[in-house]
Amino acid sequence: FSGIAVDQQTITLKPGWNAIYVELEPVENQITDVFSGVPVESVWRWLPKDIGKDFVVDPAEGLLSVDGWYGYFPEPRPEAFLSNLYTISANTPYLVKLDGNVDKTITITGKPVLRKKQWTTNGYTLIGFPFVEGSEPSFGDFFATSEAHNDQPIYRLTQLGQWEIVADPYLSAMKSGESY
């Protein structure tokens with residue numbers, strides 16, 4: 001990253017499940033570095049081999065047995081030996097389960113990179129968007145000019161690990177650092 005401008009992204013994690021979106025290519029991309037000192041139970045990334053495959057309804061039901069999910073479990077968790085996710089990448093959504101009852105933040109230092117969004121036809125796409133915090137549009141405004149997205153359902157992950165439909169896209173703001 002020498003000679004390339006770097007920026008910082010701060011993401012607040014709430015106890016329970018979080019659907020986050022990493023906007024920067026981390027200088028330190030090892031997952032153990034990004035989540036150092038943060039009591040995460042697990043971190044998940046969706047990398048399906050079959051892009052049209054169905055998405056998971058409830059991450060609390062377990063993701064290890066679902067093809068396409070890669071997970072990280074920090075030591076000394078008993079399932080740590082099952083980890084198969086080792087790095088964090090830019091323009092990528094992750095599901096993070098935070099242990100405890102206190103909000104925690106992670107700060108990622110890295111460079112912005114541009115990658116084309118890949119949408120799944122007739123299936124679910126886990127995706128986020130790089131917004132300026134405090135200036136995020138509503139879902140309705142953001143997708144208003146896209147005929148392909150008209151009347152398509154949008155889901156937001158609750159802290160209990162349930163995907164909840166965004167009832168009124170024009171009254172619900174998108175958030176920097178969140179994935180849907």
*Sequence neighbours left out, what passes side chain to side chain contact (heavy atoms under 4.5 Å, CB included) with Ser36? Give chain and number order.*
none
*Let me know which of Phe143, Tyr180, Phe139 forms a ring pair (Phe, Tyr, Trp, His ring centres under 6.0 Å) with His149.*
Phe143
*Thr105: partners by side-chain hydrogen bond (donor to acceptor under 3.5 Å, both in side chains), with sequence neighbours left out*: none
*Looking at Gly71 and Trp44, what are the two nearest heavy atoms and their distance?*
CA-CE3, 3.6 Å
*asked:* Hydrophobic clustering (ILVMFWY, side-chain heavy atoms < 4.5 Å, transitive) - are Tyr72 and Leu47 grouped together?
replied: yes
*Those residues that, when tested against Asn91, pass side-chain hydrogen bond (donor to acceptor under 3.5 Å, both in side chains) (two or more places apart)*: Tyr21
*Tell me, please, which residues at least two apart from Ser135 pass side chain to side chain contact (heavy atoms under 4.5 Å, CB included).*
Val132
*Distance-minimising heavy-atom pair for Pro15 and Gly100*: CB-O, 3.2 Å
*Apply side chain to side chain contact (heavy atoms under 4.5 Å, CB included) to Val96 and list each qualifying residue two or more places apart in sequence or on a separate chain.*
Leu13, Asn18, Ile20, Phe35, Val40, Val43, Tyr94
_Leu98 vs Val38, test: side chain to side chain contact (heavy atoms under 4.5 Å, CB included). Steps then yes/no._
CA-CA 8 Å; Leu98 182 66; Val38 179; 3.7 Å; yes
*First locate atom CD of Glu25, then atom OG1 of Thr92, and finally report the distance between them rounded to the nearest 0.5 Å.*
7.5 Å
_Nearest non-hydrogen partners of Ala5 and Pro112, listed with the distance_ = O-CD, 4.1 Å
_Determine whether Arg45 and Ser89 satisfy the following criterion, side chain to side chain contact (heavy atoms under 4.5 Å, CB included), listing intermediate values before the conclusion._
CA-CA 10 Å; Arg45 181 174 179 185; Ser89 301; 3.5 Å; yes
*asked:* Could you report the tightest heavy-atom contact between Asp99 and Glu41, atom names first, then the distance?
replied: OD1-OE2, 3.4 Å
*salt bridge (Lys or Arg N to Asp or Glu O under 4.0 Å) with Asp33: which residues, sequence neighbours excluded?*
none
*Verify side chain to side chain contact (heavy atoms under 4.5 Å, CB included) between Ile31 and Thr87, making sure each step is shown before the conclusion.*
CA-CA 5 Å; Ile31 201 164; Thr87 60; over 6 Å; no
*Atom CD of Glu133 with >12 non-hydrogen neighbours under 6.0 angstrom*: no
_Pairing residues for Phe142 by the ring-ring contact (aromatic ring centres under 6.0 Å, His included) criterion, not counting sequence neighbours_ = Phe129, Phe131
*Tell me, which pairs form a salt bridge (charged side-chain N to carboxylate O under 4.0 Å, His left out) where one or both residues lie in residues 84-93, sequence neighbours left out?*
none
*With the side chain counted from C-beta on, respond yes when Gln159 and Trp17 share a heavy-atom pair under 4.5 Å apart, and no when they do not.*
no
*Test side-chain hydrogen bond (donor to acceptor under 3.5 Å, both in side chains) applied to Thr109 - qualifying residues, sequence neighbours left out*: Gln8
_If hydrophobic clusters are built from ILVMFWY residues whose side chains come within less than 4.5 Å, do Phe81 and Phe73 share one?_
yes
*asked:* Can you confirm whether Asn150 is buried at CG, in the sense that more than 12 heavy atoms of other residues, nucleotides or ligands lie under 6.0 Å from that atom?
replied: yes
*Starting at CG of Asn29, measure out to CG of Leu24 and round the result to the nearest 0.5 Å.*
12.5 Å
*Could you note down all residue pairs passing salt bridge (charged side-chain N to carboxylate O under 4.0 Å, His left out) where residues 151-170 supplies at least one of them, sequence neighbours left out?*
Arg156-Glu178
*By side-chain hydrogen bond (donor to acceptor under 3.5 Å, both in side chains), which residues pair with Ser138, not counting sequence neighbours?*
Asp141
*Tell me whether Leu82 is reachable from Trp69 by hopping between hydrophobic residues (I, L, V, M, F, W, Y) whose side-chain heavy atoms are closer than 4.5 Å.*
yes
_I need the Glu23 CD to Gln9 CD distance, nearest 0.5 Å._
4.0 Å
*For Pro153, enumerate each residue passing the side chain to side chain contact (heavy atoms under 4.5 Å, CB included) test, keeping only those at least two apart in sequence or located in another chain.*
Tyr155, Ile165
*Measure the OG1-CG distance between Thr12 and Asp103 for me, rounded to the nearest 0.5 Å.*
6.5 Å
